[in-house]
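Input: a single structure, listed below in structure tokens.
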Amino acid sequence: MSATIKLTLPDDSVREYPAGTTAAEVIKSIGPGLARAALAASLDGTPVDLGTPIGHDARFAALTFDSDQGREVLRHSASHLMAQAVTELYPGTKVAIGPAIEDGYYYDFDRETPFAAEDLKKIEARMAEIVLRDLPVTRQEMPRDQAIEHFKQLGETYKVELIEALPAGETISCYRQGGFIDLCRGPHVPSTGRIRHYKLLSVAGAYWRGDERNKMLQRIYGTAFDKKEQLDAHLAKLEEIKKRDHRRLGKELDLFSLHEELGAGLVCWHPKGARMRSIVEDHWRKRHFAGGYDIVYTPHLGREWVWQTSGHLKFYHENMYSPVDIDGDKYYLKPVNCPMQIMIYKSGHYSYRDLPLRWAELGTVYRYERSGTLAGLFRVRGFTQDDAHIICTPAQMDEEILRVLDFSLSILSDFGFTDVKIELSVRDPARLDKYAGADEMWVKAEQSLVKALQARGIAAERMEGEAVFYGPKIDIKIRDSLGRLWQCTTIQFDFNMPEKFDMTYVAEDGAKHRPYMVHRALLGSLERFFGILIEHYAGNFPLWLAPVQVAVLNITSAQGEYARKLAGVLTAQGFRVTLNPGGEKIGAKIRDAEIAKVPCMAIVGAKEAETNRVSLRRHGRGDVGQLTVDELVALLHKEVAERA
RNA sequence: GCCACCGUAGCUCAGCUGGCAGAGCAGCGGUUUUGUAAACCGCGGGUCGGGGGUUCAAAUCCCUUCGGUGGCUCCA
């Protein structure tokens, strides 16, 4: 080992230190501010403890909370802190795993009595104490056998199981803080005092290793931040998410309902929600016709033969409902639309000149989802997919994929979603045997998907092994106004159905060939998409989507006639208008309209009635001044057209 | 499906360790005619999610079932 080592910092500057200098000392030499912020360090990209002596040349970086790795270290340390508090408060509790996750961390515990909300407060208080103790967090390595023995003696059977799963001969690292020792790869913050701003959020059940055959453990979720403002902002965001919850807004704005008496996961669209849905559907249809699609309708159930042929009875049986008996035949509610559309295809003969076919459908499907997974509009048992199937020749494939990608992104942007994340899911190269369809088809299909993404300069994340068994796919996730990602669009090749149903077309050579088929759901499910829209806009819908666009409010009943006429003019212009001619004060009428989140309030008193004008008040913005009725109509038309 | 928690009027919620079901808003009937987020008075409304049990007595305790919430799991 040389006496000095060279460390390359992120700005590419190189500094020399005596060999064996610790990461903390290096950071201290860079600057006191950085030393205060540093949670751990990174050596050639690998995170290490601040106390690690450095013995060789390397790329070096301090890890602060600003980096993903730094955040992970702090939160992982917070999970250890929580586990220590729990084991101190409730002796005999076994600890399982406690990783950092997006936005926080959790730890799974095995304890007879469940944790109550009060327990979280107690645990938090104990965590605060341990922080004050400022216990050093130290790393300790031991051979595998010794580690197993050690945790056996502690009665930590889950840890023993974890270590046993590690390869033989591997050195096991543990981290100790005070009397608490945990199996852990690390790194961690140097002492418990370094964890300052944290909060326990919820308790939930979780199976050991995520397998429902295993014991149900108790998981406590928490989060941790480096600065108080960050934690406060995060908690404020959680509050905001609660406020925007589509289940709450759906009720408040009278958009939809679910009923115990009707059955779980079945949605009733109220007039206002249905109005919005019809606007979404109308736009969707208009764009599809303009985009070269035809629209089809198919039934809600079909005979056993269809589902046997498609393979759903074999592979998707758990998600399908029991059959209905019709004249002694079994009919199943459809969980997907494709077989029905294939029936349409099979009713004719197609030549290569007829392709590509682009068939879209708002098809209502029924899937059994386990009761615990149901959630508002996001996970239901009956929903309408905006499904489409593209049937094309190999030569048309590239163009069709590019076209459907452009089309999807364009429609998502119509609804205000321009920030998207795209994933390309391909085969698991290690398990090529578990996929349907010829190897050549997979290769070509994947090339089409890649080419389309490249043509648009889209950096998609490649997901090895995430393809469904019947074909590769592109998924588009949209980012909402709170930064959350929602998967909507999926563009999937299907090499299975054309085969199963023996779909063919006659090619230039006069022979029958197998067409390529692509499934595409764009908005996904109308129910779910509606839920996303509600939360994205927090119920403050843009004018073109708002179920009620204008509330006409007269100041006294003397303007009743003028108000009625105005409402009539706006309605005739195609706007959605309500009139509140009642005897309340204008303040009360305005309040009602504001609470209903109506985008425009047309307020008319004596002055307006005389001059054929209105006073326009915008939701959330207040009075924006007077304008003539014609000006109002023009303004509304313009705003609707812009979908602003 | 599993674990925890929850279910009281249309909505939001109060009702402590068992002792005659409450409030605000909404609704309805009046009065009020009002200038940018709540006028006033009055009235009606509940088998306390359903079923069973314990008890002299159950919204309250126990069992069961349905539904919801947070997770786990699954997602052709």
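Here is the naming used below: chain letters follow the sequence lines, and residue numbers restart at 1 for every chain.
- At a threshold of 4.5 Å between non-hydrogen side-chain atoms, the residues A:Phe225 and A:Tyr198 do not count as touching.
- When ring centroids are compared, A:Tyr105 and A:Tyr107 stay outside the 6.0 Å threshold.
- The separation of B:rA21 from B:rC13, taken at their P atoms, amounts to 23 Å, rounded to a whole angstrom.
- As judged by a 4.0 angstrom heavy-atom cut-off over every strand, A:Tyr316 is placed among residues touching the sugar-phosphate backbone only.
- Using a 4.0 Å heavy-atom criterion, one finds that A:Gln626 contacts no nucleic acid atom at all.
- A donor-acceptor contact under 3.5 Å is not formed by the side chain of A:Glu369 with the base of B:rG1.
- The backbone N or O of A:Leu249 sits nowhere less than 3.5 Å from a side-chain atom of A:Arg244 that would complete a donor-acceptor pair.
- Between A:Tyr221 and B:rC72, a side-chain N or O to OP1/OP2 separation shorter than 4.0 Å is present.
- As judged by a 4.0 angstrom heavy-atom cut-off over every strand, A:Glu584 is placed among the base-contacting residues.
- Within a 6.0 Å sphere centred on NZ of A:Lys565, other residues, nucleotides and ligands contribute 12 heavy atoms or fewer.
- Annotation: of the two residues near RNA chain B, A:Val203 and A:Asn319, the 5′-most nearest-nucleotide partner is A:Val203.
- Rounded to a whole angstrom, the distance from the P atom of B:rC74 to that of B:rG49 is 35 Å.
- One N or O on the side chain of A:Trp442 and one on the backbone of A:Ala436 form a donor-acceptor pair closer than 3.5 Å.
- Backbone-only engagement by A:Ile586 is indicated by non-hydrogen atom pairs under 4.0 Å involving sugar-phosphate atoms exclusively.
- At the heavy-atom level, A:Gly587 lies under 4.0 Å from the strands shown only through sugar-phosphate atoms.
- Looking at A:Arg591, its side chain has no donor and acceptor atom pair within 3.5 Å of the base of B:rU36.
- Contact of the A:His619 side chain with the A:Cys600 side chain is not registered, since no non-hydrogen atoms from C-beta on lie closer than 4.5 Å.
- Taking atom C1' on both B:rG67 and B:rA26, the two are 24 Å apart, rounded to the nearest angstrom.
- Within 4.0 Å of A:Gly622, counting heavy atoms only, lies no atom of the nucleic acid at all.
- Comparing B:rC20 with B:rC28, their P atoms sit 34 Å apart, to the nearest whole Å.
- Between A:Thr373 and B:rC74, a side-chain N or O to OP1/OP2 separation shorter than 4.0 Å is absent.
- Look at the C1' atom in both B:rG29 and B:rU17: the space between them is 44 Å, to the nearest Å.
- Comparing B:rG50 with B:rA59, their P atoms sit 11 Å apart, to the nearest whole Å.
- The listed nucleotides are B:rG35, B:rA37, B:rA4; the one nearest the side chain of A:Pro114 is B:rA4.
- With a 3.5 Å ceiling on both atom-pair distances, B:rG35 lacks any Watson-Crick or G-U wobble partner.
- In this model, the phosphate group of B:rG1 is not approached by any side-chain N or O of A:Tyr207 to a distance below 4.0 Å at OP1 or OP2.
- Using a 4.0 Å heavy-atom criterion, one finds that A:Gly376 contacts the sugar-phosphate atoms exclusively.
- Residue contacts for A:Val336: at a heavy-atom cut-off of 4.0 Å it reaches no nucleic acid atom on any strand shown.
- Interface remark: the A:Arg379 side chain does form a donor-acceptor pair with the B:rC75 base, using a distance-only criterion of under 3.5 Å.
- Checking B:rU73, B:rC72, B:rU36 against the side-chain heavy atoms of A:Ile603 singles out B:rU36 as nearest.
- A:Leu258 comes within 4.0 angstrom of no nucleic acid atom, judged by non-hydrogen atoms across all strands.
- At least one side-chain nitrogen or oxygen of A:Lys251 sits closer than 4.0 Å to the OP1 or OP2 atom of B:rU12.
- A:Ala558 comes within 4.0 angstrom of nothing in the nucleic acid, heavy atoms only.
- Contact annotation: A:Arg247 reaches the phosphate of B:rU69 (side-chain N/O to OP1 or OP2, under 4.0 Å).
- Base pairing analysis places B:rU69 opposite B:rA4; the two distances defining the Watson-Crick or G-U wobble pair are each below 3.5 Å.
- Other residues, nucleotides and ligands contribute at most 12 non-hydrogen atoms within 6.0 Å of the NZ atom of A:Lys330.
- Considering only side-chain atoms of A:Ala588, the nucleotide from B:rU33, B:rA38, B:rG67 that sits closest is B:rA38.
- If you take atom P in B:rU60 and the same atom in B:rG18, they sit 11 Å apart, rounded to whole Å.
- The residue A:Arg617 sits close to a base: some heavy atom pair falls under 4.0 Å.
- Nucleotides B:rC6 and B:rA14 place their P atoms 12 Å apart, quoted to the nearest Å.
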